[in-house]
Every structure is written in C-alpha cells, then in structure tokens.
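Naming: A, B, ... by sequence-line order, numbering from 1 per chain. Quick caveat: nothing in here was measured; it's all calculated off a predicted structure.
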2 protein chains.
Amino acid sequence: MARLAGRGTGTAPRSIDVARLAGVSQKTVSRVMNGEQYVSGDLRRRVLEAAETLGYRLNHAARALASGRTRSIGVVTLGTALYGPASLLMGLERAVRDTGYTLRVVNTVEGDALGIAGAVDSLLDQGVDGIVISEPIDEEGDADLAIRVDVPFLILGAPPPFTAHRVVTAGLVAHQLARAVTEHLLDLGHPTVHHLAGPQRWYAARDRMEGWRATLAAHGRREPPVLVGDWSAASGHRAGLELAGDRDVTAVFAANDDMAIGLIRALLETGRRVPEDVSVVGLDDIPVAAYVSPPLTTVRQPFDATAEDGLRRLVHAIENPDADPIPAEDPPVNLVVRASTGPPPSGAVSVGGAVLAGGTAAPEGRARTTRTTRTTAPGASDGPSQVPAPQPNRTTAPGRLVSPGRTPSGARQPTA
Amino acid sequence: MARLAGRGTGTAPRSIDVARLAGVSQKTVSRVMNGEQYVSGDLRRRVLEAAETLGYRLNHAARALASGRTRSIGVVTLGTALYGPASLLMGLERAVRDTGYTLRVVNTVEGDALGIAGAVDSLLDQGVDGIVISEPIDEEGDADLAIRVDVPFLILGAPPPFTAHRVVTAGLVAHQLARAVTEHLLDLGHPTVHHLAGPQRWYAARDRMEGWRATLAAHGRREPPVLVGDWSAASGHRAGLELAGDRDVTAVFAANDDMAIGLIRALLETGRRVPEDVSVVGLDDIPVAAYVSPPLTTVRQPFDATAEDGLRRLVHAIENPDADPIPAEDPPVNLVVRASTGPPPSGAVSVGGAVLAGGTAAPEGRARTTRTTRTTAPGASDGPSQVPAPQPNRTTAPGRLVSPGRTPSGARQPTA
DNA sequence: CGCAGTCATGTCAGCGCAGTCATACTGAAA
DNA sequence: TTTCAGTATGACTGCGCTGACATGACTGCG
C-alpha cells in the first residue's frame, strides 16, 4: 500500500524518519516520545529537535495497535447530566489534560435507542482504557454491566454496592448537600421542609431525598409527602402549582436548581411570595441561579473536586490493575444563601426552634461552608425578593468581573 | 509480543478468527464489516453469524492504521459554547450516530493554556478525519489555521470568507435571528431598541449586532450606543445597571438569554418594571427561559438543524475530497414571544409606527415562525410579568409533559 | 580485578486490519 | 463461440509503532 498522505503536503513523517535524522534507533524515538527513563539527555534532545524539524506527530492508531492501550477514557453522559458550564464533564476535561489520556464522550438521552449499555458498548467498540459513567445505573441490568466489562469503571454518584474489582466511585456527597440546604431552612425556623425530588431511578435523586429525610428525622420533624419531578424547570413548575394551594408549605427543597426555578415561577403566578410566604432552595448552583428573581439559595455541586478525584483514581486503576483502589476524598459542601429563603410567615410555628420574625424579613445573605474550610460567596444578598443585588455566582472560581472581550468559563456562550 | 488480553476473559477475537470459523478469508470478513459490495448474501450471513458467535469487535486502531482514516471527527468547543441541553454539540451527537463516525470533543476556555489552535492540534494529534469548530476564530491567526490544516473543516457561525478548500460553514443565520427579535420590538411600538452585544471577537456577537443594526436602519430608527457583555448573566446584570438610569431605554435586545436574564434582574432591582417600563428579549431559548420571571421572549437557535446540516456536509467533504461542497440549508427562525416584552410606556413615541397603549398592557402571547413553515410554541403566555403561565419551553421538540421517572432531553440533570 | 547490578541503546517481530492485485466465475454482447 | 464487463473471493503485504529481548558500557564493591 502506498504511503498515505498525512498532514500538510505529501506524507506524514514517521518515527523512523525522526530516528534517521537524529541518528538513533526508532526505539529510542519511541522512548523519548513516551517519556520513558533510560534515555540520555543528549539523545533526548537530539530526538526532540529532529521531531520538531520534521513536524513529527506520533500516530496514535499505530501506538494503540502495538501497545494494546488507547490512552483514552470513555465518558457516558446522560441527557444533559454532565453538561453545562459547571459540570462534571468540564471538570473531567480539565482533570484529564495532564494525564496523557483523552476523553471520548458518548451522550445518551433517556428513552433513545442507544441506552447506557449501548453507550458503553460503543465506547468499548472504539477502544477505551477506562469508562466514566454517571447516573443513573438502574440496579438490575446496568449494575453488573460495569462488572462484566473488562476495563476499569468510574461511577459517579454510585452507592457503596459498586465496589467491585476495578470499579471506583466518586461524588457520594449528594445527601450531605441535601442536608446542608434542609438544615438551612430548619435553622430559619420553618416547621418542616417539603421536597421536590428527581426521578427515583436516579441515585442522585434518591440520595438527595435520603439526605433531606434524615435531616428531618434528626430534628424530629414531620416528613411531608414527596413530590417527584424530572429535573426540568417545567416539572418544577407543575410541582409548584400543586404545592401553591397548601398553606402549610413554607419551605421547599427542590432537588436541583432548574426545578427550583420552575417551582418559584409557579408560586409567583399563584400569588404566593418568595421568600415571604414560601422559601425555596435548589441544588447545584447553576450560573443563572444568582440572577433569577428572587436569586436562588442553593448548594454548590463540587464538580471539579469530584471529577478530579474520580479521574485520578480511575487512571490509577487503569495503570495499576492489581493495586488496591485509592480511597475517595470528601469534596467540599458549599451552601450559597441568596434571597429565595427566609423565615417562615408569622403564622408558622417551628417545632424545635424559635419562631423568627415572619413576613417580609429577609435572610442574612451569607455563604456557609460545611465540613470544609473553603469559604464561598463573599458577596451576600439581602432584602426582599425583588431588591437584592445578586452576588457573583461562582465564587470558588471567583466571580471575576469580566471586561468585554473576556469570557469567563461560567458564561453560556452562543453557538452560531 | 504475546497476544493482548481483550475484553472479557483471555483474548479478543480477531477478524482472522471470524474468518476461520466462517470458512472464508480475512479479507471477506473485512468486506462484510465495512459493508462493502461484492459479497454474496450467503457469505455475508455466515460471517455475521461467526462474528456474533465469537463476540467479535472490530479493532478500530488497527483499522485506522491500515486505512489511514480514523472515522472520527474532532469538535472544538469554546467554554460552554457548544454545551447545554439545547446545543450544537448535542445536535452533532445526534447527527453523527448514523454516519459511522464518532465525535472527539476538546473543550477550550478562553484564556486557558490550550487555545483553539492547541485544541485543533490536539485533535490532529489524536487523528481525526475532520474538525468542527465554532466561535470564535480570530481573524488573523486562526483563519488560516483551518486552511493550513489538511483535514476538512466545518466552521459553525463563520462568515463567507471561509470558503476555502474543504472548509464548509453552517449556522449563518445569527443576524436573521437578531432581526426577528428586533422587529418584534419595533412592531410593539418601541421607538428604538438598545443592544447588549457579546464579545466583539466573536462572529456570533458581531453577526447578531449587524442584524440588529440593519433592522434599525431598515426602519429608519436611531441607533443607540451598544453595550458589550461577555455572554454571562453577570455581565448582563452589569449592563442592566448601566441602562436602568436612562428613561429613553424602553426595549433591549440582549445577544443571548443569559445576559437577558441578568439584565432583567438589574432592571427589577433598580425599580424598573419588565415589560411595563422596559421590554427585554434574549436569543437562544435556553430551557429556563420560559420559567424566569418574567418569562423571556427570545428566539430559538436552530441547533439541531444547523448541526445536522453542517455535519452532513462535513462528512461529504471528508469522503469526497475533490467534489464540490454541498450548499448549506437555511435553518428555521423561530421567535418565541413570552412575557418580557410589551408595548412601550405611554410616553414613548414610535417614529414609524402607531404608539400602542402603554403601561401595563401585555403582549399577545404568540410564537411566530419566520422564513419557515414550521410552527412553534403553541402555548402562549400573556398578562403582566408576574402572572402568566409559562409555555412549554421546547416546542419543536415538543414540550411533552413529563411524568415522574421520564426525563426529557431539555432537563438539566444532576451529576453525582 | 572480577562480577553483579544498573543504565543506555539497539534489533526484531508483530499488533489486526484494509489496500492492492490476482483470480475465477457469471451472463450478456459481439 | 469468444470477448468482456461486472461480480465475487482470496493471497499477500505493510500501515507505524511498541514489547520483548539482546547487548554493551559503566558503576561500585568485595
């Protein structure tokens, strides 16, 4: 077969061309390119120089064929689960940069032909050395998928059962996040907290609900019936219409920010004030959360920390097949208090705590850090729902005020 | 070298194993796997059966090495430009499914070490047959990047100059989208429309601004000074604080929805009502746009249509290096009228049109389709800003009302 | 001084597939 | 019948790299 046209004109240089130019063996070029030890500084320099001269690029297909490793990690995303400016996917992308691996992302939407299993299959087909998967893995089928498959798995948000060989997990703090927001509401004096949960097939949904439930139990509060949404603002809106008629509802914890936004919208439409009549918290701290009206109290997902920790441990599992897995680190929990929460209206009675001034009093704007030393959200918001200035919405990646022409990573950008 | 352990136990089957089992040559297996012609139905069946029996998976690295083609397409994303539930990236993912190609995504954030050029480089390094890139390509350096590189390029949102060999473009409708929202505001009777633009290095930003400018000119309206943001809600908020003092401002077109949301928030904080005092439109129709208060009038980005059209033409360019490029299709333009726009306050005078009833009158809720026969947004919103029920927010992909347990693709989902 | 251990480099084969070319068989046109 | 274009299959080779192994140079130590 004739040599293939490579990049640029003619033919791509190969390692043997570099070797000849540098006056070394092809193997030495290979060693240099792979950063192996046992190459003298002199030869290393000559090889790199020759490679530079020729514009040499290592052929990854050939390397994969020869070595049996692709140096790529597959990621299965579910709908938009991993997407967004602050997301695990972006965290993974950042984390993967220095590892020598690249990411291969396959997106799956619930209900489409390609399921999770199909996505995993497609990744294995393409050849990946490891797979990252997030919610949901339904318990029967997909659980042993991870175990059956012969590459290491990183399962984000999976519970303890998934501690099989070469399976690592990360991000098991959802119920801690839920606890933080629930306790925030109880601290404000609400008798109890209603919950708008996510789809129950998702671990994240169940985990958040468990955190809420456990917190209520720990405080000896009554547990109201749970509403279930589908993570979308639309489903939050529907839930809000259901709750709006019930005057006992003074505080609602929505399992994510989108549902919280839809829920608030429904409350406002039905004439209930937020937070004077009903306090609402979300979970995630999406970029617009600080700018909706009222600005949303929420708890930030530790995307970057979780992604980085998880990826590091996955790579470890890939490169040390027989070693013990590295234990997961506990990511930080950052509550961001904005203007969608406040004390309950005067009529409401707190079982365990003092009843605070009801009505129009606004929350002290304050970001609190739980179980971590990181501080957050320096700019605080206060006042009634229409008035407060939103605080910068990403503060661990500090809300740098951006001049025209610069674009912070938190911004949603246009596309065509 | 010893055979490598493959998937499952032991060793992965190779095409030669399939060949032996089926009693044919390796080449015939190759032909079947690649869907080539000139294989009898009988042999094809035997081969597929044998492959099934052995659990054969084609080794993509070996194929890439032998054929010189990787069957993968690289995508460069900029910050979150391509992300999100409704996004070009998801459109590309859907579109790529049946092409036999896979996507390799490299994300870049403005200001990080990896620039666009670095991302392209990294993709070429990994070996891709084509590259998709979106905004921005800055005019000097990156322009000829596309041309210098030896694989076909799809540039999303690029203007006509980029019609070099093997470069195709798509999504050149930004100024039509801008025109749609600007005309909507003028139709309501506003004397003129202010503009909050995106960063001027982005084609999308300039294109949107041009659409706005041309529309004003066509209607003989004064062109107010332009504000510039960075696509983020935070920058929209800052712009809103600047505009709030100016009583001449009755209508603002923000170049994307996030900035519009931040802008509305700033107006509300400073005591201006939306839309009674100021009408605000965005651009994109992000999922929460229907649920913020007031629900946002915007124009939908034709993500799927653009992605599909662009990808189809890129694949054509890859597979037919010498053929003429397929011309781009004009994607639809869908204006979604919600509650953030209305007639100007009584004092304001429209130069070219009748002055409509000012103050609290609300817009007729209606989704309008421009330059296309597709209908959109059946549910309409009306009434003052706090009251209207939001309409389902994705209507071309119809806003199916979702029961618990199902998750529509428009929902933002949790991650751990 | 001899030998083991470490470091530095090279030789060679083959990873699994698809391209090229050869070959054989079919049916219709000459 | 011969010819020829089209159809169907196989033999062989090499894509560019890295693993296994060989080998030599050097070091330190008894």
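- Taking 4.0 angstrom as the limit, B:Ser40 places a side-chain polar atom (N or O) nearer than this to OP1 or OP2 of D:dT9.
- A:Thr28 comes within 4.0 angstrom of sugar-phosphate atoms only, judged by non-hydrogen atoms across all strands, and of no base.
- At D:dA8, none of the side-chain N or O atoms of B:Tyr38 fall inside 4.0 Å of OP1 or OP2 (strictly under the cut-off).
- The side chain of A:Leu58 lies closest to D:dT18, out of D:dT18, C:dC17, D:dG10.
- In terms of phosphate contacts, B:Asn59 brings no side-chain nitrogen or oxygen within less than 4.0 Å of OP1 or OP2 of C:dC15.
- The nucleotide whose nearest atom lies closest to any side-chain atom of B:Lys27 is, among D:dT18, D:dA11, C:dG16, D:dA11.
- When distances are taken from the side chain of B:Gln26 to each of C:dA18, C:dC15, D:dG19, the shortest belongs to C:dA18.
- In this structure, A:Ser67 does not reach the D:dT18 phosphate: none of its side-chain N or O atoms is under 4.0 Å from OP1 or OP2.
- With axes fitted over five pairs at each extremity, the angle between the ends of the helix from C:dC1-D:dG30 to C:dA30-D:dT1 is 40° (10° resolution).
- For A:Ala66, whose side chain is taken as the heavy atoms from C-beta onward, the closest listed nucleotide among C:dT9, C:dA18, D:dT18 is D:dT18.
- You'll find that the side chain of A:Arg14 is closest to D:dG16, out of C:dC17, D:dG16, C:dG19.
- Listed nucleotides: D:dG16, C:dT11, D:dG10. Nearest to the side chain of B:Val24: D:dG10.
- Nucleic acid contact for A:Gln37: none, since no nucleic acid atom lies under 4.0 Å from a heavy atom of the residue.
- Side-chain N/O atoms of A:Ser30 include one lying less than 4.0 angstrom from OP1 or OP2 on D:dT18.
- The side chain of B:Val39 approaches D:dT9 more closely than any other nucleotide in the set C:dG16, C:dG10, D:dT9.
- Residue A:Val29 is classed as having no contact, given no heavy-atom separation below 4.0 Å to the nucleic acid.
- For A:Arg31, the side-chain atoms get nearest to D:dC21 when compared with the rest of D:dC21, D:dT9, C:dC17.
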